[in-house]
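Note sheet for the following structure.
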Amino acid sequence: MAAARACLVALVLAAAALFVEGGAAAAAAAGNAGRASAQQRRRQLLRQRKVHSHLRRLNKAPVASIESPDGDTIDCVPISNQPAFDHPFLKNHTIQMRPAYHPEGLYDESKVASQQNTQRITQMWHQNGKCPENTIPIRRTKKEDVMRASSVRRYGKKKHRSTPNPMSVDPDMLNESGHQHAIAYVEGDKYYGAKATINVWQPKIEQANEFSLSQLWILGGSFGQDLNSIEAGWQVSPDLYGDNNTRLFTYWTSDAYQATGCYNLLCSGFIQINNQIAMGASIFPISNYGGSQYDINILVWKDPKEGNWWLQFGNDYVLGYWPSFLFSYLADSASMIEWGGEVVNTQTDGSHTSTQMGSGHFPEEGFGKSSYFRNIQVVDSTNNMKAPQGVGSFTEQSNCYDVQNGNNGDWGTYFYYGGPGKNPNCP
């Protein structure tokens with residue numbers, strides 16, 4: 001009997017010990033979970049503080065605001081209070097209100113363009129108002145715009161190695177960046193600007209973190225860590241803007257997209273002088289497959305007197321300039337010009353993206369169906385616009401996106417480009 005009692009006591013003590021151990025383990029686990037949860041809350045709080053601080057820096061106090069039909073808010077900000085002047089080197093900068101020189105031959109071509117009765121493109125926000133003199137229109141950045149970025153620091157920036165390098169002999173290296181291109185290019189000379197008339201479409205985007213754009217690149221340096229690039233054109237980027245609208249954009253970098261530069265006015269650098277066109281705002285109308293076609297004219301050139309790189313949109317809007325001190329190689333001249341399309345291919349589930357480039361149709365379909373660049377030109381060392389010599393073309397996977405060059409009297413040097421991405425020949 002005594003032995004049985006002793007055995008029972010031992011069992012009770014063992015169970016109690018187990019209970020205490022289990023409770024301690026559960027308490028420890030709960031404590032760890034609580035600490036992890038508290039750390040996560042702290043991280044979220046810190047990120048939100050960073051986001052609010054960044055928004056305060058980007059969204060300058062406006063004298064008026066215009067609500068656009070597409071949901072954007074356009075702030076009319078005093079020209080001297082724009083983001084460019086956050087740059088330490090621009091604190092006492094005197095704004096250059098017009099370029100000292102335009103490229104020779106520009107206005108002869110404008111007369112030809114007006115005779116061709118080209119369709120006029122505008123921005124959606126114009127329907128609801130305009131910004132007064134001595135202000136510039138800036139698309140207001142929303143909290144959710146910044147929250148979509150991988151980090152506050154990377155908001156408004158392209159990923160490293162997103163410029164097509166036609167000289168590369170290793171296509172695997174090009175595809176690993178997830179960016180694909182269909183471009184025309186020239187290299188081997190000194191270039192002081194470039195121009196193009198770009199057909200405008202609204203390509204479909206498969207994943208929110210992908211984009212499709214059509215632009216020109218003004219390039220200097222190597223394709224390593226020191227690449228200088230000035231870029232302008234149109235893009236569809238749900239990640240950057242939160243929708244699928246076709247938007248006017250610019251970009252610049254002086255270190256291959258690492259620390260310097262950004263889209264539009266999302267950092268200090270580009271100085272805008274125009275009160276009618278907003279960087280990053282929607283453009284319309286858009287071309288229809290088999291229907292009306294709409295184009296935009298983009299010109300970027302280096303003012304031979306001041307040395308700044310100027311941007312013109314259409315025949316009427318000189319938008320502003322990138323000061324030459326932002327760049328190393330481009331402080332002198334460009335060594336390569338590229339025109340064409342770029343998409344991000346995230347290869348979800350191992351298959352190629354169905355994000356479209358251009359119209360989403362291959363070059364062989366031609367006018368009204370495939371997207372094009374026409375009247376592509378370069379600016380030479382005497383500030384003259386001329387047809388590019390020795391134009392090459394390049395694409396990583398021509399069965400996904402392709403490019404076809406041509407030349408005729410009306411369109412000068414031109415090319416069709418683009419494609420659907422994923423298809424039976426591009427799995």
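Quantities reported herein were computed from a predicted structural model and do not represent experimental measurements.
Counting heavy atoms from C-beta on, the side chains of Y401 and C426 never come closer than 4.5 Å.
Between the side chains of E365 and Y416, not a single donor N or O lies within less than 3.5 Å of an accepting N or O. With no hydrogens or angles considered, a side-chain donor-acceptor pair links T355 and E210 at under 3.5 Å. Inspection of the E338 and H181 side chains reveals no N or O donor paired with an N or O acceptor under 3.5 Å. Of the N and O atoms on the side chains of T382 and N384, at least one donor lies less than 3.5 Å from an acceptor on the other residue. A donor and an acceptor atom, one from each side chain of Y417 and S371, are located under 3.5 Å apart. At a cut-off of 3.5 Å, with distance as the only test, no side-chain donor of T73 or D75 sits close to an acceptor on the other residue. Side-chain atoms of T197 and D295 include no donor-acceptor pair closer than 3.5 Å. In summary, the side chains of R41 and S37 do present a donor paired with an acceptor at a separation below 3.5 Å, with no hydrogens or angles considered. Checked by atom type, the side-chain pair H52/R49 shows no donor-acceptor distance below 3.5 Å. Inspection of the Q276 and D316 side chains reveals no N or O donor paired with an N or O acceptor under 3.5 Å.
Between the side chain of Q258 and the main chain of D255, a donor-acceptor pair closer than 3.5 Å is present. One N or O on the side chain of W309 and one on the backbone of L330 form a donor-acceptor pair closer than 3.5 Å. Side-chain atoms of N199 come within 3.5 Å of backbone atoms of Y294 as a donor-acceptor pair (strictly under, hydrogens ignored). With Y372 contributing its side chain and F367 its backbone, the two residues share no donor-acceptor pair below 3.5 Å. Side-chain atoms of T253 do not come within 3.5 Å of backbone N or O of G261 as any donor-acceptor pair. A donor-acceptor pair is defined here as one N or O able to donate and one able to accept, closer than 3.5 Å; such a pair exists between the side chain of D226 and the backbone of S222. N59 places no side-chain N or O within 3.5 Å of a backbone atom of R140 that could act as its donor or acceptor partner.
Aromatic ring centroids of F211 and H179 lie under 6.0 Å apart. Aromatic pair H93/F325: centroids not less than 6.0 angstrom apart.
Surrounding CZ of R47 are more than 12 heavy atoms belonging to other residues, nucleotides or ligands, all under 6.0 Å away. For NZ of K50, the number of neighbouring non-hydrogen atoms (other residues, nucleotides, ligands) closer than 6.0 Å is 12 at most. When the shell of 6.0 Å around NZ of K60 is examined, it contains more than 12 heavy atoms from other residues, nucleotides or ligands. Other residues, nucleotides and ligands contribute more than 12 heavy atoms inside 6.0 Å of the CZ atom of R154. When the shell of 6.0 Å around CD of E364 is examined, it contains more than 12 heavy atoms from other residues, nucleotides or ligands. When the shell of 6.0 Å around OH of Y101 is examined, it contains 12 or fewer heavy atoms from other residues, nucleotides or ligands.
D410 has no carboxylate O lying under 4.0 Å from a charged side-chain N of R374, or vice versa, which leaves the two without a salt bridge. In this structure, K158 pairs ionically with E231, as a charged nitrogen and a carboxylate oxygen lie closer than 4.0 Å.
Exactly one of D243, D72, D70 qualifies for a side-chain hydrogen bond (donor to acceptor under 3.5 Å, both in side chains) with S282. That residue is D70.
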